[in-house]
Number of protein chains: 2
Amino acid sequence: MRSSRSFPTLEDVAKAAGVSTATVSRCLNTPDRVIKPTREKVMKAVDALGYTPNFGARVMAAKRTFTIGAIIPTMENAIFARGLQAFQEELHRHGYTLLVSSTAYRPELEEEQIRALVARGADGLLLIGYDRDPALNAYLHQRAIPTLIAWAFKPEIPKPAIGFDNRAAMARLTREVLAQGHRRIGVISGIAKGNDRAAERLAGFAEALGATGLDLRDMPVIETPYGFENGENAMIRLMQTDARPTAVMCGNDVLAAGALRGARALGLAVPQDVSVTGFDDIELARIVTPPLTTVHVPHREMGTKAAIALIALVEGGDSLPPTDLGVSIKRRESLGPATPRDEQAG
Amino acid sequence: MRSSRSFPTLEDVAKAAGVSTATVSRCLNTPDRVIKPTREKVMKAVDALGYTPNFGARVMAAKRTFTIGAIIPTMENAIFARGLQAFQEELHRHGYTLLVSSTAYRPELEEEQIRALVARGADGLLLIGYDRDPALNAYLHQRAIPTLIAWAFKPEIPKPAIGFDNRAAMARLTREVLAQGHRRIGVISGIAKGNDRAAERLAGFAEALGATGLDLRDMPVIETPYGFENGENAMIRLMQTDARPTAVMCGNDVLAAGALRGARALGLAVPQDVSVTGFDDIELARIVTPPLTTVHVPHREMGTKAAIALIALVEGGDSLPPTDLGVSIKRRESLGPATPRDEQAG
DNA sequence: AGATACGATGCAAGCGCTTACATCGCTTTA
DNA sequence: TAAAGCGATGTAAGCGCTTGCATCGTATCT
């Protein structure tokens with residue numbers, strides 16, 4: 001029976017300390033507005049009763065929760081975890097609490113989660129990427145919830161965002177691959193629908209290809225949900241075709257780690273027989289054998305800066321311009337030159 | 001200015017729909033107690049205004065939040081992530097929302113987080129492990145917050161828990177290592193203080209050792225915070241002593257992955273020159289080279305069952321007995337027989 | 001047709017807290 | 001010494017929602 005639970009209230013404390021509820025409230029929130037002996041009396045009563053303020057009541061009266069909500073596609077791998085950890089640490093430093101919710105890469109769940117967080121009084125929201133139902137955007141706009149978009153950055157969209165240009169990053173990486181002489185390049189992409197980061201990465205690939213006179217449509221592309229096993233299976237499928245790619249670029253490091261294993265299962269050496277690249281530069285990228293050439297994303301920096309930006313947004317209301325953190329290409333052993341025997345044209 | 005934000009309230013909806021607030025409330029909570037045309041009228045108004053109930057007010061009036069809080073040591077690696085994901089999915093299936101908070105392995109933060117979650121009206125709490133300040137336990141008990149302990153299981157402690165016996169598991173794994181002829185075994189443990197899982201694993205190691213007539217005190221043990229780099233450094237330290245261990249058992253897979261890399265840095269082959277074991281069997285264990293022999297923990301099962309158990313606790317109030325999920329040993333290439341030349345005694 | 005019952009809806013009392021404003025008593029100032 | 005000022009504390013009005021109880025209108029029964 002929940003109803004039998006009855007916690008001490010502000011009033012109980014006030015009674016026990018022989019003061020008014022206002023004084024107790026002040027002791028808790030603005031201690032310097034209360035004279036010391038009073039404060040001590042009150043604090044003693046608080047301890048004695050094991051009092052904890054009722055959050056709901058507080059929110060209702062004060063309109064501020066010092067809570068920030070974050071909704072991420074998944075907690076299952078380190079892609080968001082690391083940045084989020086930094087995000088939380090910075091938030092904590094400023095007296096905010098982070099509440100996290102994950103959608104398991106099911107965009108349709110995001111709305112529900114956003115509403116839950118907003119209803120719980122989140123002062124601000126951290127969201128991943130731009131792709132979102134217009135109705136949801138309208139809702140967010142209407143409620144004027146300070147919202148920051150992270151892990152993505154599109155210069156042309158004027159929303160507060162902090163991240164990097166997925167398309168440009170992938171284009172750069174693709175150029176490196178091309179520079180190694182690869183002309184037949186496979187792609188193992190995440191599901192692009194509902195995930196603008198995945199879509200942009202693919203677009204960046206196409207872009208770089210185009211600049212070299214190649215065409216995306218000639219390349220074998222597999223879309224698959226993120227996941228180690230999926231990367232492995234996709235790799236196997238890719239390498240079992242007649243016109244094998246000499247390099248396979250993956251949508252993220254997890255997929256790439258799977259691809260590496262797929263290659264091994266096929267008895268292919270990386271990078272001698274086939275090159276593999278990842279994206280994100282999570283710890284995993286350095287752990288696998290061979291280590292992955294990948295796009296280095298400054299996860300922790302992104303988390304920290306996102307916290308600062310979001311707090312500014314919440315407290316100041318000023319809408320900062322989108323910030324591009326920039327990325328760098330991390331060259332490691334998984335990418336090598338294309339081997340002649342694989343050139344099939346002509 | 002936050003004050004300029006003004007959300008539609010129940011009353012606004014009521015006015016717009018031409019009914020009382022009670023009716024609107026009923027439409028939202030007990031739709032079948034409202035006749036259909038009324039309901040439609042109300043719902044239209046709800047949509048038009050973009051109304052979302054104020055959670056604080058609702059909690060205050062209704063005393064139930066359908067929110068479960070979870071506090072985990074870290075989000076940075078997959079150890080808890082996977083189980084937590086399953087936990088959330090199951091919760092969601094039952095109409096509950098999960099709020100996650102992490103302590104970054106700083107036990108002193110746990111109290112703060114617990115209070116934050118409780119204050120926010122969490123109906124129940126998922127906590128990792130038993131180690132906890134008595135005052136905190138008292139607080140939890142006083143407020144009668146349904147609490148479930150996960151990732152650990154000690155038959156002798158009568159609190160609701162779902163997990164596995166870390167000590168027994170580590171003892172089993174140690175026996176396997178001993179069976180391979182290893183007599184000098186190094187350990188890279190997580191920090192045991194404030195982390196009963198780490199402490200229990202160490203205890204299990206000592207226990208198995210004792211049964212073979214060996215003594216923990218003769219073995220090189222390094223305690224270090226969890227983390228890939230830390231595992232690597234610890235491994236290097238361990239292998240640079242005169243009396244090198246022929247096997248190194250690590251407190252978790254992340255540490256073990258680091259150890260593998262440390263071995264490689266030293267030019268040591270695993271398992272020929274030194275065997276390495278992990279714990280948890282996260283994805284990483286199969287990704288590294290060589291794959292890790294480790295303790296397989298049923299993460300997703302644990303998450304799902306934890307959700308079911310916690311909901312039962314919250315709704316029924318009945319305190320289930322602790323549940324031991326059991327673990328299994330996953331033999332993979334990182335563990336091999338002890339090589340004679342390393343035997344240094346006599 | 002009048003009495004009865006019942007389902008749909010409205011009314012209004014809180015839930016526990018914050019805070020603007022009022023009050024009180026003391027110190028400062030002329 | 002009386003007026004003015006100021007800091008510490010108390011008073012009480014909500015904040016937005018749920019829900020027990022009152023009310024009302026219609027269907028049902030005799």
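Numbers restart at 1 for each chain; the letters A, B, ... are given by sequence-line order, proteins then strands. FYI, side chains are in, hydrogens and waters are out, and symmetry mates aren't considered; it's all heavy atoms of this structure.
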Asker: Rounded to the nearest Å, what distance is computed from the CG atom of residue A:L28 to the C1' atom of nucleotide D:dT9?
Answerer: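 So the two atoms are 16 Å apart, to the nearest Å.
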Asker: Whole angstrom is fine here: how far is it from CG in B:L10 over to C1' in C:dA12?
Answerer: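 Atom-to-atom, B:L10 to C:dA12, this comes out as 14 Å.
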Asker: How close or far is atom C1' of C:dA8 from atom CZ of B:R39, stated in whole angstroms?
Answerer: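 Between C1' of C:dA8 and CZ of B:R39: 12 Å.
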Asker: Using the side-chain contact (heavy atoms from CB on, under 4.5 Å) definition, which of the options A:L148, A:I72, A:L136, A:L140 pairs with A:L127?
Answerer: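 Between A:L127 and the candidates, side-chain contact (heavy atoms from CB on, under 4.5 Å) is satisfied uniquely by A:L140.
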Asker: Side chain of A:A57: nearest nucleotide among D:dT9, C:dC17, D:dT11?
Answerer: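 Of the options given, the side chain of A:A57 lies nearest C:dC17.
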Asker: Give the rounded distance in Å between these two atoms: CD of A:E11 and P of C:dC17.
Answerer: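 To the nearest whole Å, that distance equals 9 Å.
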Asker: Are A:E40 and A:K44 within salt-bridge range, i.e. N to O under 4.0 Å?
Answerer: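 Answer for the salt bridge query: no.
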Asker: Could you say whether A:T21 or B:T38 is positioned toward the 5' end of DNA chain C, judged by the nucleotide with the nearest heavy atom to each?
Answerer: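 Comparing both residues, the 5'-ward one is B:T38.
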Asker: Looking at A:F164 versus A:F153, is the centre-to-centre ring distance below 6.0 Å?
Answerer: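 Ring-ring flag for A:F164/A:F153: false, centres at least 6.0 Å apart.
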Asker: Check whether any side-chain nitrogen or oxygen of B:N29 sits under 4.0 Å from OP1 or OP2 of D:dT18, and answer yes or no.
Answerer: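 Affirmative; the distance criterion is met.
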Asker: Between D:dG16, D:dG10, C:dG10, which one does the side chain of A:T23 approach most closely?
Answerer: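 That would be D:dG10.
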Asker: Taking only the side-chain heavy atoms of B:M60 (C-beta and beyond), determine which of C:dC15, D:dG10, D:dG14 contains the nearest atom.
Answerer: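 Nearest nucleotide to the side chain: C:dC15.
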Asker: Identify which nucleotide among D:dT9, C:dG16, D:dG10 has an atom closest to any side-chain atom of A:I35, counting heavy atoms from C-beta outward.
Answerer: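 In terms of side-chain proximity for A:I35, the closest of D:dT9, C:dG16, D:dG10 is D:dT9.
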Asker: To the side chain of B:R26, which of D:dG16, D:dA12, C:dG10 is closest?
Answerer: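 For B:R26, the side-chain atoms sit closest to C:dG10.
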Asker: Given C:dG10, C:dT19, D:dC17, which nucleotide is nearest the side-chain atoms of A:A22?
Answerer: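 From the listed options, C:dT19 comes nearest.
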Asker: Taking atom NE2 of B:H94 as the centre, does the number of heavy atoms from other residues, nucleotides or ligands within less than 6.0 Å exceed 12?
Answerer: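 Yes, enclosed.
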Asker: What's the verdict on side-chain hydrogen bond (donor to acceptor under 3.5 Å, both in side chains) for B:T9 and B:Y51, showing C-alpha distance, side-chain angles and the deciding distance?
Answerer: CA-CA 7 Å; B:T9 70; B:Y51 169 76; over 6 Å; no
Asker: Pairing donors with acceptors under 3.5 angstrom, does anything connect the side chains of B:Q88 and B:H92?
Answerer: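 Not at all, the side chains of B:Q88 and B:H92 share no donor-acceptor pair under 3.5 Å.
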Asker: Between C:dG10, C:dC17, D:dG16, spot the one nearest the side chain of B:S20, thanks.
Answerer: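 Of the options given, the side chain of B:S20 lies nearest C:dG10.
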Asker: Salt bridge or not between B:E111 and B:R132? Use side-chain N to carboxylate O under 4.0 Å.
Answerer: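 Salt bridge absent between B:E111 and B:R132.
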Asker: Please classify the nucleic acid contact of A:V59 as base, sugar-phosphate, or nothing, using heavy-atom distances under 4.0 Å.
Answerer: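 Result for A:V59 = nothing.
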Asker: Side chain of A:V34 only, heavy atoms from C-beta on: which candidate in C:dG10, D:dT9, C:dC17 is closest?
Answerer: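 Nucleotide nearest to A:V34's side chain: D:dT9.
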Asker: Expressed in angstrom and rounded to an integer, what is the separation of A:R58 atom CZ from D:dC17 atom P?
Answerer: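 My rounded result for the distance is 21 Å.
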Asker: Rounding to a whole Å, what distance do you find between B:F66:CZ and D:dC17:P?
Answerer: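 Going from B:F66 (CZ) to D:dC17 (P), I get 18 Å.
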Asker: Using five base pairs at each end to define the local axes, how bent is the helix from C:dA1-D:dT30 to C:dA30-D:dT1, to the nearest 10°?
Answerer: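 Here the helix ends are tilted 40° relative to one another.
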Asker: Grab the CG-C1' distance between A:D32 and D:dA8 for me, whole Å please.
Answerer: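 Those two atoms, CG and C1', are 13 Å apart.
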Asker: Has the side chain of A:Q85 got a donor or acceptor atom that lies under 3.5 Å from a matching backbone atom of B:T74?
Answerer: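 Such a contact is absent between A:Q85 side chain and B:T74 backbone.
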Asker: Tell me: CZ of B:R33 to C1' of C:dC6, nearest whole Å?
Answerer: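 Spelled out: CZ on B:R33 to C1' on C:dC6 is 12 Å.
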